[in-house]
Amino acid sequence: MPTRYLVTGGAGFIGSALVRHLLGQESGNVTVVDNLYSGKLANIEAVKDRIEFHKTDIRDYEALRPLMDGVEVVFHLAAIPSVPRSISEPVPSHDVNCNGTFNVYRAAHEAQVRRVVYAASSSAYGDTDVLPKTESMMPRPKSPYALQKLMGEYYGSVFHSCFGLEAVALRFFNVFGPRQDPGSPYSGVLSLFMKAALEGQTPTIFGDGEQSRDFTYVEDVAALVYKAAHAPGVSGRVYNAGNGGRYTLNFVWDQVQKLAGVTLPANYGPPRAGDVRDSQADTAAAQRDLNHSPQFSIEEGLRRTFDWYRGA
Ligand code: UD2
């Protein structure tokens, strides 16, 4: 029997990369659940005949619950991301990321799903005295978004210990790559930088640009998420999903300008509320327990991503 997978947020930028990865691995059976709030049918257009798609909102428990029947693994990626959006629009952000996530665990448990793999966030760490950030550090969320994502981890661990549902949380570290939508001020910074460079516009950098991120290529994340569905002995645990590198915004804007062949000095604005200063993943636990090593350097990831934006 082929494995039945369900991907919430499967029409999103990361979710659709996971869907393609799943279809490339085995003759699994993939159901996508997405309310198309930020996900796009265009992201799954090329595979639409090989998947089952449901335009369903994870806040709607009654609609969500039957979709889990017969599913073995749920990948829960549906969310309203963005630290600043969770500050300017805290209600929808809380509702989807907390209540929606609870619905996903509850429905998975009711339907006797074997395992839920949850897209957590590196923002849970907040500012730490030490880098890289290891999973044993005390979380210090600095924004509603960071707190909401942390709650989803804790719910996974409790569904594991109280209800016997297998649950694995992966803290995504600033994922980038093709299909990341640059269409909103809340979009991931690299998508905004790529768009700015291609349009000859100057981007805004919040703060001095010396804050750093562990930018992680989307295909590496998809590969890790898949491994987390099948690795034995990891239920109830949290793992970093990062590349292990650390690059400042000034550095990556420089790289993007070089790829585009432009020179456009950025505008510098005030630092963003809730922003973490530095972020870098310790990847040892994911390597040890999930047998995962990132395959894409930042240079390779940026090149592939830029090529995609240029063609899109
Ligand atoms: C956080 C998480 C990340 C993921 C993401 C989802 C951290 C360290 N990372 O990403 O893992 O969960 O949330 O949304 O918390 N910036 C500019 N100019 C812009 C846009 C952003 O300078 O036009 C800066 C921003 O202030 C920040 C950096 O770029 O310092 C990255 O911002 P982002 O929104 O791409 O992602 P971030 O780090 O909030």
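Each ligand, and each atom within it, is numbered from 1 in the order the structure gives.
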Check ligand 1 against the protein and report each N/O to N/O distance under 3.5 Å, formatted as atom name, atom name, distance.
{"from": "ligand 1", "atom 1": "9 (N)", "to": "S122", "atom 2": "OG", "distance (Å)": "3.2"}
{"from": "ligand 1", "atom 1": "9 (N)", "to": "N174", "atom 2": "OD1", "distance (Å)": "2.9"}
{"from": "ligand 1", "atom 1": "10 (O)", "to": "N174", "atom 2": "ND2", "distance (Å)": "3.4"}
{"from": "ligand 1", "atom 1": "11 (O)", "to": "S122", "atom 2": "OG", "distance (Å)": "2.7"}
{"from": "ligand 1", "atom 1": "11 (O)", "to": "F172", "atom 2": "O", "distance (Å)": "2.8"}
{"from": "ligand 1", "atom 1": "11 (O)", "to": "N174", "atom 2": "N", "distance (Å)": "3.2"}
{"from": "ligand 1", "atom 1": "12 (O)", "to": "S121", "atom 2": "OG", "distance (Å)": "2.7"}
{"from": "ligand 1", "atom 1": "12 (O)", "to": "Y145", "atom 2": "OH", "distance (Å)": "3.0"}
{"from": "ligand 1", "atom 1": "14 (O)", "to": "S82", "atom 2": "N", "distance (Å)": "3.0"}
{"from": "ligand 1", "atom 1": "18 (N)", "to": "T204", "atom 2": "O", "distance (Å)": "2.7"}
{"from": "ligand 1", "atom 1": "22 (O)", "to": "F206", "atom 2": "N", "distance (Å)": "2.8"}
{"from": "ligand 1", "atom 1": "23 (O)", "to": "T204", "atom 2": "O", "distance (Å)": "3.4"}
{"from": "ligand 1", "atom 1": "26 (O)", "to": "R272", "atom 2": "NE", "distance (Å)": "3.4"}
{"from": "ligand 1", "atom 1": "26 (O)", "to": "D275", "atom 2": "OD1", "distance (Å)": "3.4"}
{"from": "ligand 1", "atom 1": "26 (O)", "to": "D275", "atom 2": "OD2", "distance (Å)": "2.9"}
{"from": "ligand 1", "atom 1": "30 (O)", "to": "Q211", "atom 2": "NE2", "distance (Å)": "3.0"}
{"from": "ligand 1", "atom 1": "30 (O)", "to": "R213", "atom 2": "NH2", "distance (Å)": "3.3"}
{"from": "ligand 1", "atom 1": "30 (O)", "to": "D275", "atom 2": "OD1", "distance (Å)": "3.4"}
{"from": "ligand 1", "atom 1": "30 (O)", "to": "D275", "atom 2": "OD2", "distance (Å)": "2.6"}
{"from": "ligand 1", "atom 1": "32 (O)", "to": "R272", "atom 2": "NH2", "distance (Å)": "3.4"}
{"from": "ligand 1", "atom 1": "34 (O)", "to": "R272", "atom 2": "NH1", "distance (Å)": "3.4"}
{"from": "ligand 1", "atom 1": "34 (O)", "to": "R272", "atom 2": "NH2", "distance (Å)": "3.0"}
{"from": "ligand 1", "atom 1": "35 (O)", "to": "V189", "atom 2": "N", "distance (Å)": "2.8"}
{"from": "ligand 1", "atom 1": "36 (O)", "to": "N174", "atom 2": "ND2", "distance (Å)": "3.2"}
{"from": "ligand 1", "atom 1": "38 (O)", "to": "N174", "atom 2": "ND2", "distance (Å)": "3.1"}
{"from": "ligand 1", "atom 1": "38 (O)", "to": "R213", "atom 2": "NE", "distance (Å)": "2.6"}
{"from": "ligand 1", "atom 1": "38 (O)", "to": "R213", "atom 2": "NH2", "distance (Å)": "3.3"}
{"from": "ligand 1", "atom 1": "39 (O)", "to": "R272", "atom 2": "NH2", "distance (Å)": "3.0"}

Side chains of residues 281-288: which donor-acceptor pairs under 3.5 Å do they make with residues two or more places apart or in other chains?
{"from": "D282", "atom 1": "OD1", "to": "A284", "atom 2": "N", "distance (Å)": "2.8"}
{"from": "Q287", "atom 1": "OE1", "to": "S293", "atom 2": "OG", "distance (Å)": "3.4"}
{"from": "Q287", "atom 1": "NE2", "to": "S293", "atom 2": "OG", "distance (Å)": "3.2"}

Distance-only check: which donor-acceptor pairs under 3.5 Å involve side-chain atoms of residues 305-312, not counting sequence neighbours?
{"from": "T305", "atom 1": "OG1", "to": "G301", "atom 2": "O", "distance (Å)": "2.6"}
{"from": "D307", "atom 1": "OD1", "to": "R310", "atom 2": "NH2", "distance (Å)": "2.9"}
{"from": "D307", "atom 1": "OD2", "to": "R303", "atom 2": "NH1", "distance (Å)": "3.4"}
{"from": "Y309", "atom 1": "OH", "to": "Q180", "atom 2": "O", "distance (Å)": "2.5"}

Name the atoms and distances for all side-chain donor-acceptor pairs under 3.5 Å in residues 172-179, with sequence neighbours left out.
none

Checklist line | Y105 ring center near H109 ring center (under 6.0 Å) | finding: no
Check: Counting only heavy atoms not in Q112, do more than 12 sit closer than 6.0 Å to its CD atom?
Finding: no
Next item on the list: Look at the side chain of N97 and the backbone N and O of I80, then say whether any donor-acceptor pair between them is shorter than 3.5 Å.
Entry: yes
